[in-house]
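The chains referred to below are lettered A, B, ... by the order of the sequence lines, with proteins before strands, and numbering in each begins at 1. Since we're looking at a predicted model, the values are computed, not measured.
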2 protein chains.
Amino acid sequence: MTSQEKIGSYVDRFIRLTGEEKFEFTSRFKETRVKKRQFIVQPGFVPKYRYFVIEGSLRAYVVGDEGKDHTIQFAIEDWWISDYDSYIHQQPASMFVVALEDCVLMQISFEDEQILKASNHKFETFFRQKSELATAFLQRRIVTNLTRSASERYAIFVETFPELVQRVPQYALASYLGITTQFLSKIRNQKSR
Amino acid sequence: MTSQEKIGSYVDRFIRLTGEEKFEFTSRFKETRVKKRQFIVQPGFVPKYRYFVIEGSLRAYVVGDEGKDHTIQFAIEDWWISDYDSYIHQQPASMFVVALEDCVLMQISFEDEQILKASNHKFETFFRQKSELATAFLQRRIVTNLTRSASERYAIFVETFPELVQRVPQYALASYLGITTQFLSKIRNQKSR
DNA sequence: AAAAAAAGTGAAACCAGATTAACTTTTACC
DNA sequence: GGTAAAAGTTAATCTGGTTTCACTTTTTTT
């Protein structure tokens, strides 16, 4: 299955397209390959693309005043990633997005995305639905962060994203949960008893 | 200015509509008035409506296992409110949404919203844009919560929503920031020196 | 394969923010 | 307008999670 086909079958989950429409849609995307540790978004630069992950994993994070990392988002196969706030406003990013493994991505430029959305009601619907899911997801994360202790948050993460726990480094997971690696270490070996 | 006109002029900020389209859009909304302390969303019930605030203020919150409130969102004039996660999935809510002051709201039902979005590309665009802004906003909140101390979060809130600071009770603000009222009290009188 | 760098672990001291509790002020309501 | 309930304040004590530091393991580079 080509990357075009993969993004095509992803879109099928949301909207029903004719063969021609699917071609119009997927041909706006371009495949890119990035190596582990390579950055696709960096603070200060306007993020020109939104990325769909065909293969590999990535991590979006900010660096606080004190110099510490804070993970905002992970992405693996079938997920999207960018610095959304900066991307949709086309303003300089405040985040890094880095490959945690070698990746195959499909990228679409901001302009091409605008063209797609303007050209076809269904494409607009697709992006609206995707954005609503993102909103709901972020809201759940806020609720969890407000209502749960560190070890509960870890348990919920393991439950929700068992695959990610295997694939992302501990320091990235700890900073996603809003704790230090040392404390995560403690939590994990309390569990294992 | 009627409530219809107010929601009409709000929509103008996002999309350009003909007079007829604007009528189609706004006439799907219905004015409702709620008194202070009245609930418009409650856990266990599917939220049938999304609300646009014409006048007054509201608060969305969850109650954690320990019985404490955690404020997820505020809304004042020109803002929208509901339990989005439950609304878009049409599943029983996990939040309360309560009026902090007497309110005038415009409500749209889930079904009418679907009809609007399906009937006109521009309406779909409107909801997509609104959802993208919400996503960007929630992402910024997550970043702030991960990277800032309680007193920094308070300062940022005051800076960003000076009006809300005047209008919402301290306990609601504290629980939005993820701290106790006692600690907020401490922060405030440290500032005032 | 060795050396260096990055990631992960464990434990002691510490601190931001929670808890408890007693009190004051404001708001709601008969 | 008086009284009860809700909201806000202040202070002492406690705790979940951080910091610092020394060590081990894994990964990367040469």
Side-chain angles (χ1 to χ4, degrees), chain A residues 35-39 56-57 59 61 63-71 74 96 98-102 144-158 164-193, chain B residues 35-39 56-57 59 61 63-71 74 96 98-102 144-158 164-193:
Chain A
K35 289 277 177 199
K36 188 168 176 175
R37 256 169 270 267
Q38 195 176 323
F39 290 91
S57 59
R59 167 183 174 239
Y61 66 97
V63 177
D65 296 340
E66 1 63 33
K68 279 179 207 140
D69 282 19
H70 303 274
T71 300
F74 292 112
F96 296 90
V98 69
L100 293 172
E101 304 169 327
D102 292 352
T144 304
N145 287 166
L146 286 175
T147 57
R148 306 301 187 138
S149 69
S151 78
E152 287 172 331
R153 263 141 48 212
Y154 173 68
I156 291 169
F157 189 93
V158 171
L164 275 181
V165 180
Q166 312 303 328
R167 284 176 73 180
V168 309
Q170 302 276 332
Y171 68 83
L173 173 46
S175 81
Y176 181 91
L177 297 174
I179 59 177
T180 57
T181 53
Q182 292 88 329
F183 196 59
L184 178 55
S185 214
K186 200 169 181 178
I187 288 170
R188 301 184 96 214
N189 80 54
Q190 274 165 359
K191 298 266 164 189
S192 64
R193 290 211 185 109
Chain B
K35 289 278 178 199
K36 188 169 175 174
R37 256 169 270 267
Q38 195 176 323
F39 290 90
S57 58
R59 167 183 174 241
Y61 65 97
V63 178
D65 295 340
E66 2 62 34
K68 279 179 206 141
D69 282 18
H70 303 273
T71 300
F74 292 113
F96 296 91
V98 68
L100 294 172
E101 304 170 327
D102 292 353
T144 304
N145 287 340
L146 285 175
T147 57
R148 306 300 187 140
S149 70
S151 78
E152 288 173 330
R153 261 140 50 211
Y154 173 67
I156 290 169
F157 189 93
V158 171
L164 276 181
V165 180
Q166 313 303 327
R167 286 176 71 181
V168 309
Q170 302 277 330
Y171 67 83
L173 174 45
S175 80
Y176 180 91
L177 296 173
I179 58 178
T180 58
T181 53
Q182 291 88 327
F183 195 60
L184 177 55
S185 214
K186 199 169 183 176
I187 289 170
R188 301 184 96 214
N189 79 53
Q190 275 166 356
K191 299 265 165 191
S192 64
R193 303 229 165 93

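- The OH atom of B/Tyr171 sits 18 Å away from the P atom of C/dT19 (whole-angstrom rounding).
- Atoms CZ (A/Arg188) and P (C/dA7) sit 15 Å apart, rounded to a whole Å.
- A/Val168 is not listed as a side-chain neighbour of A/Thr71, based on a closest heavy-atom distance of 4.5 Å or more.
- Scanning for side chain to side chain contact (heavy atoms under 4.5 Å, CB included) contacts around A/Ser149 gives A/Ser151, A/Glu152, with sequence neighbours left out.
- As a whole-Å value, the separation of B/Glu66 CD from C/dT20 P is 12 Å.
- Between the NZ atom of A/Lys35 and the C1' atom of D/dT29 there is a distance of 15 Å, given to the nearest Å.
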Annotated protein contacts, base or backbone, on nucleotides 10-28 of chain D with a non-hydrogen cut-off under 4.0 Å, one of B, S, - each: B------BBBBB------S

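- Using modelled atom types, one side-chain atom of B/Asp102 and one backbone atom of B/Lys36 make a donor-acceptor pair closer than 3.5 Å.
- Annotation: side chain of B/Asn145 is in contact with side chain of B/Arg153 (closest heavy-atom distance under 4.5 Å).
- One interatomic measurement links the two molecules: CD of B/Gln170 to P of C/dT27, which rounds to 12 Å at whole-angstrom precision.
- For A/Tyr154, the side chain to side chain donor-acceptor pair (under 3.5 Å) partners two or more places apart in sequence, or in a different chain, are A/Arg188.
- B/Lys68 meets the side chain to side chain contact (heavy atoms under 4.5 Å, CB included) test with B/Glu66, B/His70; sequence neighbours excluded.
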Evaluate the side-chain hydrogen bond (donor to acceptor under 3.5 Å, both in side chains) criterion for residues A/Thr181 and A/Gln170: first the C-alpha distance (whole Å), next the side-chain angles of each, then the deciding distance (0.1 Å), finally the verdict. CA-CA 7 Å; A/Thr181 53; A/Gln170 302 276 332; over 6 Å; no

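- Computed from coordinates, the B/Arg59 CZ to D/dA6 C1' distance equals 13 Å when rounded to whole Å.
- Scanning for side chain to side chain contact (heavy atoms under 4.5 Å, CB included) contacts around B/Val98 gives B/Phe39, B/Arg59, B/Tyr61, with sequence neighbours left out.
- Rounded to an integer number of Å, the gap from CG of B/Asp69 to P of D/dA6 is 13 Å.
- Recorded end-axis angle for the helix from C/dA1-D/dT30 to C/dC30-D/dG1 stands at 60°, based on five pairs per end and rounded to 10 degrees.
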